[in-house]
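The structure appears below as structure tokens.
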Amino acid sequence: MITRTIAGAALMLFMSCPFAQAHAMLDRASPAVGSTVTSAPRAVTLTFTQDVEPAFSSVRVEDSGGAPVTQGKAKLGGSRNMLRVGLKPLAPGSYRVIWKVLSVDTHTTQGNFSFQVGR
Amino acid sequence: MGDALAYVRAVHLLATLVIVGVVLFRIFVAEPALGCLPSSNILRLRALSRAIVMSGLLIAVISGAAWIALLAARLSEAPESFPETLWALLTETQFGLAWQLRLGLAILWAIVVAGEDAPGRNAIAVGISALFAATLAWSGHGAATPGAAGYVHILADMVHLIAAAAWLGSLVPLVLLMGWLMHRGESAGALTAVLHRYSTLGILAVTALVASGITNVFFTLSDTASLLASNYGRVLLAKLVLFIVMLGFATVNRSRLTPALAASAVDGAAAIAWRIRRNALAEIVLGVAIVMLVGWLGIMAPGEPSSGHMH
């Protein structure tokens, strides 16, 4: 009885971990990953699974030629796990979003995706 | 570089847990239990406690500095940008601000420890040490959890850290004190008094560890599906095994050996006391191993099949 209680408690304890670190993954994006939007977006908004540090995070958006189309630096959006970067007026075509973030628990993650601005 | 970071984190965590444990042990276990001893002994206890806290604070500050330096080095684009990266890390991130706060707490604590005994000093010591342990949570997973859930998570982390200090950290002064009492030929009565009070502290600490652990389960489980399929999961399992064994030693000490000590005759007491102390030493070894694992867990990603992913 005691052994089982200890084992159960220990299992619970070990599923936790104050130092368990998670990496900030991309949870949602606007424009959505791989989507086609009919009108050119004014900004790209990225929502992550963890809170991020804007001082060490960046979002680049490039057109099909590799030229940057962002305006200004990425800033926190409505909440600490959201980054937003302004865009220049976009012509129809394919665009690539390249993001790199530092989560508040000091892990870096990066990724990229594309979206289309259609006619 | 990942190795160095894991090691430095573990050293810092260990130093923090021990010095907080020393304070909690002195104020809640040793002094109340040994009030009957001559005051010269109490002064010796305080002097020893002071020495451990001061050296522990030094180790904590040095390892803390190494921690942020290694992090800044990892985040720097080029060696030349290290100074400005370090500055940005210190001043523009939550980690850096927490680091500054903890440095301030360490300095304040050193001043309090070095100062004269005064009324209210114990309360201040408990407050500062608890804060010093708890603020480590700001470098952890709980700090990065978004939204209102983040507050619950970080609170659970803080409780977890203080409880770990109260249990694992105070094992060190327990072992030292037992050795000292046994060497001086103090009665089993004095030892038993210390062990009884320590048991109470231990039970409260383990309860808090489990409660905060259960709270964190929900956060961890919602983040990762396949905990066991990853390196992270395997390290976590290792921690689990170590903890079960550690708790086993503690249970033997509490449930069997301490009552036996209380009931023993003079000639039998020494042997029992020796076994209790040996078990407590085993717990310390296991606890240190757990802390080393936590240092490693901290740089791993839960749920990733293997760390082929460099960051």
Side-chain angles (χ1 to χ4, degrees), chain A residues 1-28 45-58 60 73-84 98-112, chain B residues 9 13 71 74-75 85 88-89 91-95 136-147 150 156-158 160-161 164 206 209-210 212-217 219-221 223-224 227 232 236-237 239-240 243-244 247-248 251 255 294-295 297-304 309 311:
Chain A
M1 168 63 187
I2 287 182
T3 320
R4 262 182 299 161
T5 312
I6 290 174
L11 181 65
M12 294 294 199
L13 223 171
F14 283 92
M15 295 302 278
S16 88
C17 175
F19 275 21
Q21 307 272 355
H23 289 47
M25 300 301 181
L26 188 63
D27 194 19
R28 285 190 308 284
T45 305
L46 304 176
T47 307
F48 297 93
T49 55
Q50 300 285 303
D51 290 346
V52 296
E53 293 286 2
F56 285 90
S57 302
S58 63
R60 286 189 349 253
K73 288 189 65 177
K75 293 193 171 71
L76 281 180
S79 55
R80 229 200 143 132
N81 62 329
M82 216 186 257
L83 280 181
R84 168 185 245 111
I98 302 142
W99 56 267
K100 187 174 178 184
V101 294
L102 180 73
S103 63
V104 165
D105 57 11
T106 68
H107 277 103
T108 50
T109 37
Q110 55 195 17
N112 60 82
Chain B
R9 284 167 43 94
L13 175 57
L71 210 45
R74 180 192 264 200
L75 292 172
T85 307
L89 194 55
T91 57
E92 294 178 56
T93 66
Q94 193 168 297
F95 179 87
L136 255 179
W138 281 334
S139 66
H141 188 166
T145 302
D157 284 352
M158 289 179 163
H160 205 85
L161 284 160
V206 171
L209 275 166
V210 171
S212 55
I214 289 172
T215 308
N216 279 337
V217 166
F219 295 107
T220 315
L221 281 180
D223 279 336
T224 67
L227 206 60
Y232 182 94
L236 201 55
L237 270 181
K239 190 185 167 193
L240 172 73
F243 177 71
I244 291 175
L247 202 53
T251 308
S255 308
V294 168
L297 278 172
I299 62 169
M300 284 180 170
E304 294 210 357
H309 155 167
H311 52 260

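In what follows, chains are A, B, ... by sequence order, proteins preceding strands, each numbered from 1.
- Interatomic distance, B/R74 CZ to A/T106 OG1, rounded to the nearest 0.5 Å: 7.5 Å.
- Scanning both residues, B/A143 and A/V104, for their nearest heavy atoms gives O-CG1, 3.6 Å.
- How far OG1 of B/T85 is from CZ of A/F56: 6.0 Å, rounded to the nearest 0.5 Å.
- To the nearest 0.5 Å, the span separating CD on A/E53 from CD on B/E92 amounts to 9.0 Å.
- Taking CH2 from B/W138 and CG from A/D105, the interatomic distance works out to 15.0 Å, rounded to the nearest 0.5 Å.
- The distance from the CG atom of A/L102 to the CG atom of B/L71 is 7.0 Å, given to the nearest 0.5 Å.
- Closest approach of A/Q50 to B/A144, counting heavy atoms only: OE1-CB, 3.0 Å.
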Hey, mind stepping through B/L75 and A/T108 against side-chain contact (heavy atoms from CB on, under 4.5 Å) and telling me if it holds? CA-CA 9 Å; B/L75 292 172; A/T108 50; 3.5 Å; yes
